[in-house]
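Encoded as structure tokens, the structure appears first; notes follow it.
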Amino acid sequence: MNFTRWSARLPGTQRRAAARDDRSSVPSARAEYAQPETTGPRPPEGDTHSGTHGGTGHDPRDDSRGEAPRPGGPALEDLSARDILGQLPALVALVYGPEHRIAYVNDAYAAAFGPRPAGATAAEAMPELDELSLLPLMDQVLRSGTPRTVKSRKARSGNSYTVTCTPVHRDRDDEADGDNGAPGKQSRTSKGNKSNRGRGRGGEGGVLVYAADVTDHAEAAERLRASERRHRETAVTLQRSLLPQELEQPDDLRIAATYQPGGTDAAVGGDWYDVITLGAGRTALVIGDVMGRGVRAAAVMGQLRTAVRAYARLDLPPHEVLQLLDGLAAEIDASQIATCAYAVHDPNEGRLVYSSAGHLPILVCDEDGTVHRAEDPTGPPLGTGGWIHTSGTIPLPPGSTAVLYTDGLVERRSEDIDEGVAALERALSGAKGSPQVVCDRLIRSLGVTAEHDDDVAVLVVQHPARSGADAELFHNASLDLLGGIEAAPRARAFATGVLTSWRFPVELCDLGVLAAGELVANSLKHGTPPMRLGLRRTDRRLIIEVTDGDDHLPRRRRADPADEAGRGISIVATIASSWGSRRTPGGGKAVWCEFALPQ
């Protein structure tokens, strides 16, 4: 088969054939264009004459179209398609017919895969096309007459190629031109005529395969993807290591939490949660979100979480904790902003006292499925400064469930965030089961998948309603103290009767009575009325608490041998599992201690 007849169908050969005809029929025009300065008419826009081979005169306008020869060099129309394709560094192969029989492969193709016999089918003689999954694509190109490109296909040799398959056409009239290498007639293939594509009218279709070696680019892209994966894995590992490895489980609450990083296209953010036991049965609940992505956001999150735990140990009201955290966030990174909600649960009050710094509202679902939203106003995000945060309350009765969450759970690009919160309310009203089950159901109901575009943190808190034998493990008793010399004996007698009725061992009863007497004596000496003694037992501990009207917090100190006072708090700290004090909202204080119950 004569390659020149096939090359006449390649892009640009039709124009070269027309140019040859024009030169033979209009010699005067060629001579006119060869003059440095011309006074004749301008050539037509589509004319491609550029002077004779090796001539010195040329039209500068032809240079802008890339058609004019350089001085001393050959004209483009004097080069055959075989010469051009043979010198390309890309891999080129020409096949024809429905069986894709080989018509030509260039030197680069032969160097990459070896020489290929002309006339053999591609399926038999070109296994590399099957490795690159190109044979079905070539069939499609041959049928449709439309070029197709596949990117970065990897061969068994390890090299990667971007391959373009272009349909070409050979007229049967070309056979009449003989096999002498003449260019033959101009193709009748028309870009605008769909019936002439592919096999064509009276002709036979072929496919030109053009493969560029993109191995270096593919390897560089893979190294970049591997680096991004390592960076993301580092951020995820850091993020998870900074979150609680095991949630504290208070006596009166059941808690579960989940954290899910964003998909592979989303960098890890700074979402976090925490549960902090404050003593005397009280529990702090924290949810937060550092704006930004990557290791930096995770590092800032870790510092804020550590600071929250430190401030929580001071047993301050929620708004004071956020006030301190706001100043610290500005010192950590003035350009980094975070939102946070901090809530405290007291089993004696049956509610959450909370404060929010720009965070989404806490949701509470009653036992009957009614969902309440914490509506009190929130302050600006942490790190902005210049704002006085306030505390609000929301009921958390037995049988209810509270949910604290970050914006990744409810925020979608296509809808307002209030719609996402409303969807969460609907999902929460029907979610039943353990806290972990509720977590999983909320994640599924809100459509959060492994490819989610943002990280998500959810904290579910249940206040179980107890009955029967389980309820017998939880008791409360209290006594108002009027002061005077009879207050301490009355407190010891009350504690003895209550602890005995709760069937504690004698040794624990004695320790409890001693601790109650010391706390009451300390309050009588340093506090002011009203005073109150409270006893509470759970399934795991005994809690003794004394409140009074003075906000001066006691501290443990070493008493000299000659001192007649100052040993009460030291005695309590020695015999109890833990002790502490805090200021109460009314302006007084509470001093408490705990004893672990034998299991």
Side-chain angles (χ1 to χ4, degrees), residues 251-252 277-282 313-316 346-349 474-538 540-598:
D251 298 352
D252 296 271
T277 54
L278 302 177
R282 302 167 69 251
R313 297 302 178 190
L314 300 176
D315 217 338
L316 300 172
D346 190 331
N348 296 319
E349 298 177 355
F474 291 81
H475 291 287
N476 285 283
S478 62
L479 173 67
D480 291 326
L481 301 173
L482 302 178
I485 60 174
E486 297 181 355
R490 288 187 59 206
R492 287 193 292 268
F494 175 77
T496 301
V498 170
L499 298 182
T500 302
S501 67
W502 288 348
R503 300 179 181 178
F504 284 146
V506 175
E507 181 181 356
L508 182 57
C509 286
D510 293 341
L511 292 177
V513 171
L514 175 59
E518 292 297 336
L519 293 179
V520 169
N522 186 77
S523 180
L524 290 172
K525 182 175 181 60
H526 302 286
T528 59
M531 291 179 286
R532 185 183 182 90
L533 170 64
L535 303 176
R536 175 174 172 78
R537 73 155 293 172
T538 69
R540 287 181 282 182
R541 72 196 74 225
L542 166 66
I543 302 168
I544 302 173
E545 185 176 69
V546 175
T547 61
D548 61 52
D550 185 81
D551 63 358
H552 177 74
L553 299 181
R555 59 186 178 87
R556 185 179 179 182
R557 65 185 181 88
R558 179 186 295 274
D560 294 331
D563 292 342
E564 297 182 358
R567 297 180 177 84
I569 296 300
S570 295
I571 292 174
V572 171
T574 301
I575 64 176
S577 303
S578 61
W579 78 280
S581 62
R582 71 178 187 279
R583 290 185 174 90
T584 56
K589 68 174 180 294
V591 185
W592 54 269
C593 66
E594 294 181 350
F595 294 87
L597 300 183

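Scope of the values below: all heavy atoms of this structure, side chains included, with no hydrogens, waters or symmetry mates.
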**OP:** May I ask you to test the Val520-Leu481 pair for a side-chain heavy-atom distance under 4.5 Å?
**Re:** yes
Original post:
Considering all heavy atoms of both residues, which atom of Ala495 and which atom of Ala516 are nearest to each other, and what is their separation?
Top reply: CB-CB, 4.1 Å
Original post:
Going by heavy atoms in the side chains, are Trp592 and Leu519 under 4.5 Å from each other?
Top reply: no
**OP:** Could you tell me the separation between the CZ atom of Arg282 and the CG atom of Asp346, rounded to the nearest 0.5 Å?
**Re:** 5.5 Å
**OP:** For His475, look at atom NE2 and say whether over 12 heavy atoms of other residues, nucleotides or ligands are found less than 6.0 Å away.
**Re:** yes
Subject >> Sub-4.5 Å side-chain heavy-atom contact between Arg536 and Asn348 >> reply: yes
**OP:** Verify, without hydrogens or angle tests, whether Ser501 (side chain) and Val498 (backbone) share a donor-acceptor contact under 3.5 angstrom.
**Re:** yes
Original post:
Hey, does the side chain of Glu594 reach the backbone of Ala280 with a donor-acceptor pair shorter than 3.5 angstrom?
Top reply: yes
Original post:
If you measure only the distance, is there a donor-acceptor pair under 3.5 Å linking the side chains of Ser478 and Arg532?
Top reply: yes
**OP:** Would you indicate whether the side-chain heavy atoms of Asn522 and Pro554 approach each other to under 4.5 Å?
**Re:** yes
Subject >> Leu597 CG to Phe504 CZ distance, which is reported to the nearest 0.5 Å >> reply: 5.0 Å
Subject >> Side chains of Leu542 and Leu499 in contact at under 4.5 Å (non-hydrogen atoms) >> reply: yes
Original post:
For the side chain of Thr277 and the backbone of Gly279, is there at least one donor-acceptor N/O pair under 3.5 Å apart?
Top reply: no
**OP:** Output the distance between atom OG1 (Thr496) and atom CG (Asp510), rounded to the nearest 0.5 Å.
**Re:** 8.0 Å
**OP:** Work out which heavy atom in Asp550 is nearest to a heavy atom in Gly527; give both atom names and the distance.
**Re:** CB-CA, 3.8 Å
Original post:
Taking atom CZ of Arg537 and atom CG of Asn476, what is their separation to the nearest 0.5 Å?
Top reply: 11.5 Å
Original post:
Can you list the steps and then say if Arg555 with Ile569 is a side chain to side chain contact (heavy atoms under 4.5 Å, CB included)?
Top reply: CA-CA 7 Å; Arg555 59 186 178 87; Ile569 296 300; over 6 Å; no
**OP:** Decide yes or no for Ser581 and Lys589: does some side-chain heavy atom of the first lie under 4.5 Å from some side-chain heavy atom of the second?
**Re:** no
Subject >> Criterion side chain to side chain contact (heavy atoms under 4.5 Å, CB included) on Phe595 and Ile543, from CA distance to verdict >> reply: CA-CA 7 Å; Phe595 294 87; Ile543 302 168; over 6 Å; no
Original post:
Quick one: does Leu514's side chain get under 4.5 Å of Ile571's, heavy atoms only?
Top reply: yes
Original post:
How would you list, by chain and number, every residue that makes a salt bridge (charged side-chain N to carboxylate O under 4.0 Å, His left out) with Arg492, sequence neighbours excluded?
Top reply: none
**OP:** Would you give the length of the straight line joining atom CZ of Arg541 to atom OG of Ser578, rounded to the nearest 0.5 angstrom?
**Re:** 7.5 Å
Original post:
Taking all non-hydrogen atoms of both residues, which atom of Val572 and which atom of Ala515 are closest, and how far apart?
Top reply: CG2-O, 4.2 Å
Original post:
Which atom pair, heavy atoms only, marks the closest approach of Ser523 to Met531?
Top reply: OG-SD, 3.2 Å
Subject >> Distance, nearest 0.5 Å, that separates CZ of Arg582 from OG1 of Thr547 >> reply: 9.0 Å
Original post:
Gly512 and Ile544: which non-hydrogen atoms are nearest, and at how many Å?
Top reply: O-CD1, 3.3 Å
Original post:
Would you call Leu533 and Phe494 a side-chain contact if the rule is heavy atoms closer than 4.5 Å?
Top reply: yes
